[in-house]
Amino acid sequence: MTKATQSPIATNVDIINARVPGYKDLQMLLVHEGILKQILPMSTVFKRVSAPDLQVLDVAGDWISLGGVDLQINGALGLAFPDLTTADSQLLAKISQFLWNVGVDGFLPTLVTTSVDNIQRSLAVIADIIPSQKTGAKILGVHLEGPFLNFQKRGAHPAEYLFPLTIDELKRVLGDYAHVVKVITLAPELDPTGEVIPYLRSLGITVSLGHSQATATQAQRAFELGATMVTHAFNAMPLLHHREPGLLGAAITHPDVMCGFIADGQHVSPTMLQILLRASCYEKGLFLVSDALAPLGLPDGVYPWDSRQIEVKNGTARLPDGTLSGTTLPLLVGVQNLVKWGICDVESAILLATDAPRQAIGLSGISPNQPANLLRWHWDEATKELTWQRLLS
């Protein structure tokens with residue numbers, strides 16, 4: 001069960017005997033005209049009056065959740081989001097439908113470090129498309145990953161486009177499109193004045209720390225100023241150390257900070273992810289991201305990446321010198337990996353891709369009075385395999 005085309009449901013349906021992440025015991029979900037109206041414990045359910053168009057779906061203990069939300073995705077179907085032009089509107093619509101088909105309800109197109117012209121051109125295209133979205137995964141805003149990153153932790157980001165972190169430089173990069181940017185990743189140690197993070201928060205932009213050499217003290221100051229996220233935990237930041245916990249140590253121990261992480265088995269080893277999950281209280285302090293690149297949805301091979309090339313093998317993308325640049329695995333593969341590796345129970349794994357990223361950007365998780373964009377998850381005890389399907393109206 002990994003396709004959106006399977007097991008469609010009617011717009012009016014009672015889903016019974018469902019496990020719902022975050023809820024105790026079995027639940028009934030009442031869907032009316034495509035809207036999730038109520039979530040009720042099966043033990044308290046009254047006898048429903050049948051209607052001609054009412055369908056009853058018994059999921060027999062399977063999990064029901066919202067679709068995933070991907071807060072860090074760099075492209076798909078061959079299109080890198082920093083390369084967007086007005087000619088790409090139809091391709092972007094296809095990408096939205098592709099992401100819907102792989103279980104994603106909403107996403108933040110992520111613009112990695114590039115020229116100001118490229119950033120503003122992409123922001124303009126996305127700003128024009130957001131109001132007219134009708135089908136597929138919804139664009140929820142933009143994640144600007146750079147260009148205010150530490151040179152020493154730039155990873156695959158091109159050095160020639162890194163900028164000083166000042167309010168004037170921010171205004172130059174954002175131009176007239178600050179309202180489109182939902183999240184920005186930056187290195188807080190580049191701003192000794194402490195002015196930038198409060199300024200970004202005043203614009204309604206969520207600040208995420210990443211590609212940084214920040215000490216624990218510098219990170220803690222950034223959190224006090226209003227930063228609430230960390231970008232791809234462990235990657236492009238100082239290692240955890242018993243005398244200097246660094247940015248990640250400060251984030252893990254902060255109750256109001258959530259860390260994104262990649263579960264492809266390459267960016268972070270499963271053992272370290274297990275440590276991270278336990279220390280961060282799972283979905284209370286973490287959320288899954290794909291960090292997928294433009295070849296997402298395409299076969300392995302060599303693909304252009306800005307002015308360079310990347311080689312994709314088994315879903316992992318690297319530059320010619322071996323530098324890890326990203327993945328081409330969809331978000332929900334991370335859920336399946338966490339369960340397959342035995343480091344996460346099914347409920348927590350689902351929450352990490354569905355409710356937790358919503359929480360990180362101020363959206364509600366599964367609850368009444370929202371569109372019933374639902375996934376059904378099935379755990380096969382015999383094969384130890386977690387699969388999913390969309391329940392479409």
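For reference, positions follow the sequence shown, starting with 1.
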### Summary
What one should report as the nearest heavy-atom pair of Ala372 and Val31 is CB-CG1, 3.8 Å
Throw together a table of side-chain donor-acceptor distances under 3.5 angstrom for residues 247-254, partners on residues two or more places apart or in other chains.
from: Thr253; atom 1: OG1; to: Gly249; atom 2: O; distance (Å): 2.9
from: Thr253; atom 1: OG1; to: Ala250; atom 2: O; distance (Å): 3.3
from: His254; atom 1: ND1; to: Asp256; atom 2: N; distance (Å): 3.0

### Message
Can you see whether Asp321 engages Thr323 through a side-chain donor-acceptor pair at a distance of less than 3.5 angstrom?
### Response
yes
### Message
Within this structure, what is the CG-NZ distance for the pair Leu29 and Lys37, rounded to the nearest 0.5 Å?
### Response
14.0 Å
### Single-linkage hydrophobic cluster, 4.5 Å side-chain cutoff, Val125 and Phe98 together
yes
### Query
Should Glu244 and Pro238 count as side-chain neighbours, where that means a heavy-atom distance under 4.5 Å?
no
### Message
When you group the ILVMFWY residues by side-chain heavy-atom contacts below 4.5 Å and let the links chain together, are Tyr161 and Leu174 in the same group?
### Response
no
### Query
Does any non-hydrogen side-chain atom of Gln266 lie less than 4.5 Å from one of Thr327?
no
### Task
Spell out, as yes or no, whether a donor-acceptor pair under 3.5 Å connects the side chain of Arg154 to the backbone of Leu162.
no
### Query
Quick one: does Arg201's side chain have a donor or acceptor within less than 3.5 Å of a partner on Leu225's backbone?
no
### Message
If the condition is salt bridge (Lys or Arg N to Asp or Glu O under 4.0 Å), which residues does Lys94 pass it with, not counting sequence neighbours?
### Response
none
### Query
How long is the span from the OG1 atom in Thr228 to the CG atom in Leu209, to the nearest 0.5 Å?
8.5 Å
### Message
Nearest 0.5 angstrom please: Ile129 CD1 to Thr86 OG1, how far?
### Response
9.5 Å
#### Entry: Donor-acceptor contact present, side-chain Thr110 to main-chain Ile73, <3.5 Å
yes
### Message
Among Thr113, Asn150, Thr114, which residue satisfies the side chain to side chain donor-acceptor pair (under 3.5 Å) criterion with His157?
### Response
Thr113
### Message
Is there a path of hydrophobic side-chain contacts, each under 4.5 Å between heavy atoms of I/L/V/M/F/W/Y residues, joining Ile184 to Ile361?
### Response
no
### Query
Checking Glu347 side chain against Gly22 main chain: does a donor-acceptor pair fall under 3.5 Å?
yes
### Message
I'd like to check Ile310 versus Val302 (side-chain heavy atoms, cut-off strictly below 4.5 Å). Are they in contact?
### Response
no
### Task
Would you sort out whether Gln97 and Thr135 count as a side-chain contact (heavy atoms from CB on, under 4.5 Å), showing the intermediate values?
CA-CA 7 Å; Gln97 189 59 52; Thr135 60; 3.9 Å; yes
### Message
Do Leu351 and Val333 sit in one hydrophobic cluster, given that two such residues count as connected whenever their side-chain heavy atoms are within less than 4.5 Å of each other, even indirectly?
### Response
no
### Task
Mind running side-chain contact (heavy atoms from CB on, under 4.5 Å) on Ile139 and Gln133 for me, showing each step along the way?
CA-CA 8 Å; Ile139 297 174; Gln133 297 177 100; 3.3 Å; yes
Under 3.5 Å, sequence neighbours excluded: what are the donor-acceptor pairs made by side chains of residues 214-223?
from: Thr215; atom 1: OG1; to: Thr217; atom 2: N; distance (Å): 3.4
from: Thr215; atom 1: OG1; to: Gln218; atom 2: N; distance (Å): 3.1
from: Thr215; atom 1: OG1; to: Gln218; atom 2: OE1; distance (Å): 3.4
from: Gln218; atom 1: OE1; to: Thr215; atom 2: N; distance (Å): 2.9

#### Entry: Side-chain heavy-atom pair Asp355, Pro21 within 4.5 angstrom cut-off
no
### Message
Any non-hydrogen side-chain atom of Ile366 less than 4.5 Å from a side-chain atom of Leu36?
### Response
yes
### Task
Please confirm whether the backbone N or O of Thr85 pairs with a side-chain atom of Asp88, one donor and one acceptor, at under 3.5 Å?
yes
### Query
What is the minimum heavy-atom distance between Ala360 and Thr206, and which atoms define it?
O-CG2, 4.4 Å
### Query
Would a 4.5 Å heavy-atom cut-off, applied to side chains only, mark His143 and Phe81 as touching?
no
### Query
Has the side chain of Thr185 got a donor or acceptor atom that lies under 3.5 Å from a matching backbone atom of Val183?
no
### Message
If you define the side chain from C-beta out and look only at heavy atoms, does anything of Ile95 sit under 4.5 Å from Pro109?
### Response
no
### Message
Check for me, please, whether Ile205 and Val69 land in the same ILVMFWY cluster - side-chain distances under 4.5 Å, paths through other members count.
### Response
no
### Query
Is there a donor-acceptor pair under 3.5 Å between the side chain of Gln120 and the backbone N or O of Arg172?
yes
### Query
When rounded to the nearest 0.5 angstrom, what is the spacing between CD in Gln27 and CG in Asn17?
10.5 Å
### Nearest heavy-atom neighbours spanning Leu298 and Gly78
CD1-N, 3.5 Å
### Message
Could you tell me if the side chain of Val142 sits less than 4.5 Å from the side chain of Leu111, heavy atoms only?
### Response
yes
#### Entry: Any donor-acceptor pair under 3.5 Å from Ser348 side chain to Asp345 backbone
no
### Query
Do Trp377 and Ser65 get their side chains close enough for a donor-acceptor pair, meaning under 3.5 Å?
yes
### Distance-minimising heavy-atom pair for Ala353 and Leu332
CB-CD2, 4.1 Å
### Query
Stepwise, does the side-chain contact (heavy atoms from CB on, under 4.5 Å) test hold for Met28 with Met42?
CA-CA 6 Å; Met28 170 188 264; Met42 287 298 296; 3.7 Å; yes
### Message
Before you tell me yes or no, could you show the steps for Asp191 and Leu186 under side-chain contact (heavy atoms from CB on, under 4.5 Å), namely the whole-Å CA-CA distance, both residues' side-chain angles and the distance that decides it to 0.1 Å?
### Response
CA-CA 10 Å; Asp191 174 32; Leu186 55 78; over 6 Å; no
### Task
Might you confirm whether atom CG of Asp380 has over 12 heavy atoms from other residues, nucleotides or ligands at distances under 6.0 Å?
yes
### Query
Can you name the residues that form a ring-ring contact (aromatic ring centres under 6.0 Å, His included) with His232, not counting sequence neighbours?
His211
### Query
Taking all non-hydrogen atoms of both residues, which atom of Gly68 and which atom of Leu375 are closest, and how far apart?
N-CD1, 4.5 Å
Give the table of side-chain donor-acceptor pairs shorter than 3.5 Å for residues 284-296, with sequence neighbours excluded, one pair per line with atom names and distance.
from: Ser290; atom 1: OG; to: Asp70; atom 2: OD2; distance (Å): 2.5
from: Ser290; atom 1: OG; to: Ala292; atom 2: N; distance (Å): 3.1
from: Asp291; atom 1: OD1; to: Gln72; atom 2: NE2; distance (Å): 3.3
from: Asp291; atom 1: OD1; to: Asn74; atom 2: ND2; distance (Å): 3.0

### Query
Does Arg390 pair with Asp105 as a salt bridge, N-O distance under 4.0 Å?
yes
### Summary
d(Leu200 CG, Leu170 CG) to nearest 0.5 Å is 5.0 Å
## Note on the structure
Value for CG (Leu276) from CZ (Phe261), rounded to nearest 0.5 Å, stands at 6.5 Å
### Task
Please report the shortest heavy-atom distance between Arg358 and Gly365, naming the atom on each side.
CD-CA, 4.3 Å
### Message
Please check if the number of heavy atoms outside Glu160 that lie under 6.0 Å from its CD is greater than 12.
### Response
yes
### Message
Could you check whether any side-chain N or O of Arg19 sits under 3.5 Å from a backbone N or O of Gly61, counting only pairs where one atom can act as donor and the other as acceptor?
### Response
yes
### Backbone of Asn314 reached by a side-chain donor or acceptor of Asp300 within 3.5 Å
yes
### Message
My understanding is that only residues two or more places apart in sequence, or in another chain, count here; which of them pass side-chain hydrogen bond (donor to acceptor under 3.5 Å, both in side chains) with Ser122?
### Response
none
